[in-house]
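I have placed the structure first, in the form of C-alpha coordinates, so that the comments after it can refer back to it.
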Amino acid sequence: MSAIPSNESPVEWKSWQAEIPATLMFIKRGGEVLLIEKLTGIGQGKVNGPGGKIDPGETAEEAIVRECQEELHITPKGAVKMGELHFAMSDIPDIHCHVFMATEFEGTPTATREANPMWTAIEAIPYDRMWEDDRHWLPQMLEGQVFTGRFQFEGEKIVWMDVRFGECGRGLWYGHS
Ligand SMILES: Nc1[nH]c(=O)nc2c1ncn2[C@H]1C[C@H](O)[C@@H](COP(=O)(O)OP(=O)(O)OP(=O)(O)O)O1
(Lines give C-alpha, C1' and ligand atoms only; values in the text may rest on other atoms or scores of the structure.)
Protein backbone atom coordinates (compact mmCIF):
# COMPACT_ATOMS: atom_id res chain seq x y z
CA MET A 1 0.00 0.00 0.00
CA SER A 2 1.29 3.47 -0.74
CA ALA A 3 0.18 7.04 -0.48
CA ILE A 4 0.69 8.51 -3.94
CA PRO A 5 1.77 12.14 -4.19
CA SER A 6 -1.20 14.21 -5.33
CA ASN A 7 0.97 16.92 -6.87
CA GLU A 8 4.57 17.44 -7.91
CA SER A 9 6.97 18.03 -5.05
CA PRO A 10 9.23 21.06 -5.58
CA VAL A 11 11.88 19.19 -3.59
CA GLU A 12 14.52 17.53 -5.79
CA TRP A 13 14.45 14.32 -3.74
CA LYS A 14 17.18 12.50 -5.70
CA SER A 15 19.83 14.91 -4.49
CA TRP A 16 18.12 15.93 -1.25
CA GLN A 17 20.28 15.67 1.88
CA ALA A 18 18.96 16.28 5.37
CA GLU A 19 20.86 18.57 7.69
CA ILE A 20 19.89 16.61 10.82
CA PRO A 21 20.17 12.81 11.22
CA ALA A 22 17.80 11.70 13.96
CA THR A 23 16.07 8.73 15.57
CA LEU A 24 12.73 7.72 17.08
CA MET A 25 11.81 4.69 19.23
CA PHE A 26 8.45 3.04 19.83
CA ILE A 27 8.43 0.42 22.60
CA LYS A 28 5.41 -1.88 22.57
CA ARG A 29 4.05 -3.71 25.63
CA GLY A 30 0.88 -5.69 25.04
CA GLY A 31 -1.62 -3.33 23.47
CA GLU A 32 0.28 -0.25 24.59
CA VAL A 33 3.12 1.87 23.25
CA LEU A 34 5.51 4.08 25.21
CA LEU A 35 5.15 7.67 24.02
CA ILE A 36 6.52 10.88 25.49
CA GLU A 37 5.37 14.40 25.90
CA LYS A 38 8.41 16.20 24.50
CA LEU A 39 9.48 19.03 26.78
CA THR A 40 12.49 20.43 24.86
CA GLY A 41 13.90 20.75 21.34
CA ILE A 42 12.21 20.27 17.96
CA GLY A 43 8.53 19.41 18.45
CA GLN A 44 8.47 20.68 22.03
CA GLY A 45 4.96 20.21 23.47
CA LYS A 46 4.09 17.45 21.02
CA VAL A 47 3.56 13.78 21.77
CA ASN A 48 6.10 11.51 20.04
CA GLY A 49 8.32 8.52 20.66
CA PRO A 50 11.57 9.13 22.53
CA GLY A 51 14.49 9.99 20.26
CA GLY A 52 16.65 12.80 19.01
CA LYS A 53 19.63 13.82 16.94
CA ILE A 54 22.42 11.39 16.09
CA ASP A 55 25.71 12.75 17.45
CA PRO A 56 28.81 12.84 15.20
CA GLY A 57 30.47 9.41 15.13
CA GLU A 58 27.40 7.63 16.48
CA THR A 59 25.33 5.02 14.65
CA ALA A 60 21.54 5.37 14.63
CA GLU A 61 21.36 2.27 16.87
CA GLU A 62 23.74 3.84 19.40
CA ALA A 63 21.91 7.15 19.28
CA ILE A 64 18.47 5.72 19.98
CA VAL A 65 19.75 3.80 23.02
CA ARG A 66 21.44 6.95 24.35
CA GLU A 67 18.35 9.10 23.76
CA CYS A 68 16.09 6.60 25.59
CA GLN A 69 18.53 6.60 28.50
CA GLU A 70 18.73 10.41 28.59
CA GLU A 71 15.02 11.10 28.09
CA LEU A 72 13.41 8.26 30.07
CA HIS A 73 16.21 6.44 31.99
CA ILE A 74 15.48 3.21 30.12
CA THR A 75 17.62 1.00 27.86
CA PRO A 76 15.76 -0.59 24.94
CA LYS A 77 16.83 -4.15 24.05
CA GLY A 78 16.70 -5.81 20.66
CA ALA A 79 15.64 -2.69 18.77
CA VAL A 80 14.56 -3.36 15.19
CA LYS A 81 14.86 -0.72 12.48
CA MET A 82 11.39 -0.31 10.98
CA GLY A 83 11.51 2.76 8.83
CA GLU A 84 13.08 5.93 7.55
CA LEU A 85 11.46 9.33 7.48
CA HIS A 86 12.65 12.20 5.30
CA PHE A 87 11.35 15.61 6.30
CA ALA A 88 11.85 18.60 4.01
CA MET A 89 10.95 21.48 6.30
CA SER A 90 10.22 25.13 5.56
CA ASP A 91 11.41 26.86 8.69
CA ILE A 92 13.71 24.43 10.50
CA PRO A 93 16.56 22.26 9.16
CA ASP A 94 15.60 19.17 7.12
CA ILE A 95 15.61 15.88 9.04
CA HIS A 96 16.37 12.25 8.18
CA CYS A 97 14.94 10.08 10.92
CA HIS A 98 15.57 6.36 11.60
CA VAL A 99 12.59 4.75 13.29
CA PHE A 100 12.96 1.77 15.63
CA MET A 101 10.63 -0.54 17.49
CA ALA A 102 11.36 -2.74 20.52
CA THR A 103 9.42 -4.90 22.94
CA GLU A 104 12.06 -5.24 25.66
CA PHE A 105 13.78 -2.65 27.82
CA GLU A 106 15.57 -2.30 31.13
CA GLY A 107 14.73 0.32 33.73
CA THR A 108 11.59 2.21 34.63
CA PRO A 109 10.35 4.99 32.33
CA THR A 110 11.00 8.11 34.37
CA ALA A 111 10.08 11.75 33.74
CA THR A 112 13.09 13.96 32.98
CA ARG A 113 13.57 17.60 31.96
CA GLU A 114 13.29 16.42 28.33
CA ALA A 115 10.26 14.10 28.44
CA ASN A 116 7.23 12.83 30.31
CA PRO A 117 6.61 9.10 29.66
CA MET A 118 3.08 8.07 28.58
CA TRP A 119 2.12 4.41 28.25
CA THR A 120 -0.68 4.74 25.71
CA ALA A 121 -3.21 2.22 24.41
CA ILE A 122 -2.51 1.79 20.70
CA GLU A 123 -6.15 2.52 19.86
CA ALA A 124 -5.94 5.75 21.91
CA ILE A 125 -2.77 7.25 20.40
CA PRO A 126 -3.39 11.04 20.41
CA TYR A 127 -2.58 11.81 16.76
CA ASP A 128 -4.03 15.30 17.17
CA ARG A 129 -1.14 16.08 19.59
CA MET A 130 1.55 14.62 17.30
CA TRP A 131 3.39 15.64 14.13
CA GLU A 132 0.95 15.42 11.21
CA ASP A 133 2.96 12.70 9.42
CA ASP A 134 2.70 10.18 12.27
CA ARG A 135 -0.88 9.08 11.44
CA HIS A 136 0.34 8.08 7.96
CA TRP A 137 2.88 5.46 9.12
CA LEU A 138 2.72 4.79 12.87
CA PRO A 139 -0.44 2.58 12.81
CA GLN A 140 1.02 0.33 10.11
CA MET A 141 4.46 0.24 11.74
CA LEU A 142 2.98 -0.85 15.07
CA GLU A 143 1.44 -3.77 13.19
CA GLY A 144 4.89 -4.75 11.94
CA GLN A 145 5.16 -3.11 8.53
CA VAL A 146 8.45 -1.52 7.50
CA PHE A 147 8.18 1.73 5.61
CA THR A 148 9.81 4.73 3.98
CA GLY A 149 8.22 8.17 4.10
CA ARG A 150 8.97 11.49 2.49
CA PHE A 151 7.15 14.56 3.73
CA GLN A 152 7.37 18.16 2.69
CA PHE A 153 6.18 20.55 5.39
CA GLU A 154 5.15 24.20 5.27
CA GLY A 155 5.46 25.13 8.92
CA GLU A 156 3.73 22.23 10.65
CA LYS A 157 1.43 21.30 7.71
CA ILE A 158 2.19 18.59 5.18
CA VAL A 159 2.03 19.94 1.62
CA TRP A 160 3.35 16.81 -0.14
CA MET A 161 3.93 13.24 0.98
CA ASP A 162 4.85 9.78 -0.25
CA VAL A 163 4.72 6.80 2.11
CA ARG A 164 5.58 3.28 1.00
CA PHE A 165 5.28 0.12 3.03
CA GLY A 166 7.20 -3.13 2.70
CA GLU A 167 10.65 -1.66 2.26
CA CYS A 168 12.84 0.63 4.29
CA GLY A 169 15.36 3.03 2.80
CA ARG A 170 16.06 5.73 0.34
CA GLY A 171 16.65 3.26 -2.48
CA LEU A 172 12.89 3.08 -2.92
CA TRP A 173 12.75 6.29 -4.89
CA TYR A 174 16.40 6.52 -5.78
CA GLY A 175 16.78 3.44 -7.92
CA HIS A 176 19.61 2.23 -5.67
CA SER A 177 20.37 2.12 -1.94
N1 LIG B 1 7.72 15.55 11.45
C2 LIG B 1 8.17 14.81 12.47
N3 LIG B 1 7.50 13.70 12.86
C4 LIG B 1 7.93 12.93 13.90
O5 LIG B 1 7.28 11.95 14.21
N6 LIG B 1 9.07 13.22 14.59
C7 LIG B 1 9.75 14.29 14.22
C8 LIG B 1 9.36 15.13 13.16
N9 LIG B 1 10.28 16.14 13.06
C10 LIG B 1 11.18 15.92 14.03
N11 LIG B 1 10.88 14.79 14.73
C12 LIG B 1 11.64 14.20 15.83
C13 LIG B 1 12.70 13.26 15.36
C14 LIG B 1 13.73 13.36 16.47
O15 LIG B 1 13.47 12.37 17.46
C16 LIG B 1 13.49 14.71 17.10
C17 LIG B 1 14.63 15.67 16.90
O18 LIG B 1 14.38 16.61 17.84
P19 LIG B 1 15.48 17.34 18.70
O20 LIG B 1 16.29 18.20 17.81
O21 LIG B 1 14.75 17.98 19.82
O22 LIG B 1 16.38 16.19 19.23
P23 LIG B 1 17.21 16.17 20.55
O24 LIG B 1 16.36 15.49 21.59
O25 LIG B 1 18.53 15.53 20.19
O26 LIG B 1 17.38 17.66 20.95
P27 LIG B 1 18.59 18.50 21.45
O28 LIG B 1 19.29 17.66 22.48
O29 LIG B 1 17.92 19.73 21.97
O30 LIG B 1 19.42 18.77 20.23
O31 LIG B 1 12.30 15.22 16.52
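Counting convention: from 1, in listed order, for ligands and their atoms alike.
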- Task: Hey, can you tell me if Trp137 and Phe147 have their rings parallel, tilted or perpendicular (30° and 60° cut-offs)?
- Result: parallel
- Message: Are Asn48 and Leu35 packed together at the side-chain level, in the sense that at least one heavy-atom pair is separated by less than 4.5 angstrom?
- Response: no
- Met89 heavy atom under 4.0 Å from ligand 1: no
- Mind checking whether Val47 and Leu39 sit in one hydrophobic cluster, side chains of I, L, V, M, F, W, Y counted as touching below 4.5 Å? no
- Item | Element-labelled atoms of ligand 1 that are located less than 4.0 Å from some non-hydrogen atom of Gly41 | 21 (O)
- Considering the options Met141, Met82, Met25, which one meets the side-chain contact (heavy atoms from CB on, under 4.5 Å) requirement together with Phe100? Met25
- Go through Met101 and Leu142 one step at a time and tell me if the side chain to side chain contact (heavy atoms under 4.5 Å, CB included) criterion holds. CA-CA 8 Å; Met101 198 156 71; Leu142 290 171; 4.0 Å; yes
- Item | Donor on one side chain, acceptor on other, Gln152 and Ser9, under 3.5 Å | yes
- Message: For Trp119 and Phe105, take the angle between the two ring planes, folded into 0 to 90°, and tell me which bin it lands in: parallel under 30, tilted 30 to 60, perpendicular over 60.
- Response: tilted
- Task: Classify the contact between Phe153 and ligand 1 as side chain, backbone, both or neither, using a heavy-atom distance cut-off of under 4.0 Å.
- Result: side chain
- Under-4.0 Å heavy-atom contact with ligand 1, by part of Met130 that carries it: neither
- Message: Under 4.0 Å, heavy-atom basis, I'd like to know which part of Glu67 is in contact with ligand 1: side chain, backbone, both or neither.
- Response: side chain
- Are any of the protein's heavy atoms under 4.0 angstrom from atom 28 (O) of ligand 1, yes or no? no
- Task: Identify the protein heavy atom lying closest to atom 26 (O) of ligand 1, giving its residue, its atom name and the separation to 0.1 Å.
- Result: Lys53 NZ, 3.7 Å
- Task: Among all protein heavy atoms, pick out the one at the shortest distance from atom 21 (O) of ligand 1; state its residue, atom name and that distance to 0.1 Å.
- Result: Lys38 NZ, 2.6 Å
- Pair Gln69, Thr75: side-chain N/O donor-acceptor within cut-off below 3.5 Å: yes
- Identify, for atom 11 (N) of ligand 1, the protein heavy atom at the shortest distance, and state residue, atom and that distance. Trp131 NE1, 4.0 Å
- Query: For ligand 1, which atoms, with element, lie under 4.0 Å from some heavy atom of Gly51?
  - Reply: 15 (O), 24 (O)
- Message: Whether the side chain of Gln140 engages the backbone of Gln145 through a donor-acceptor N/O pair (distance < 3.5 Å, no angle test) should be reported.
- Response: no
- Note on the structure: Going by the 4.0 angstrom heavy-atom rule, the piece of Leu85 near ligand 1 is neither
- Message: Tell me the protein heavy atom at minimum distance from atom 17 (C) of ligand 1, and give that distance in Å.
- Response: Gly52 CA, 4.1 Å
- Query: Is Arg150 close enough and on-axis enough to Trp160, meaning under 6.0 Å and within 45°, for cation-pi?
  - Reply: no
- Test of proximity, Asp133 against ligand 1: N or O pairs below 3.5 Å: yes
- Message: Heavy atoms only: which of Asp55, Thr23, Ile42, Ile20 lies closest to atom 14 (C) of ligand 1?
- Response: Thr23
- What is the closest protein heavy atom to atom 5 (O) of ligand 1, and at what distance does it sit? Asp134 OD1, 2.7 Å
- Message: Keeping His86 on the side-chain end and Gly149 on the backbone end, is there a donor-acceptor pair under 3.5 Å?
- Response: yes
- min-distance protein heavy atom vs atom 10 (C) of ligand 1 -> Ile95 CD1, 3.5 Å
- Message: Polar contacts were defined as any N/O atom of the residue lying under 3.5 Å from an N/O atom of the ligand; does this apply to Glu114 and ligand 1?
- Response: no
- Note on the structure: Under 4.0 Å between heavy atoms, the region of Glu71 that gets near ligand 1 turns out to be side chain
- Query: Ser90 side chain to Gly155 main-chain N or O, any donor-acceptor pair under 3.5 Å?
  - Reply: yes
- Task: Looking only at protein heavy atoms, identify the closest one to atom 12 (C) of ligand 1 and say how far it is in Å.
- Result: Asn48 ND2, 3.9 Å
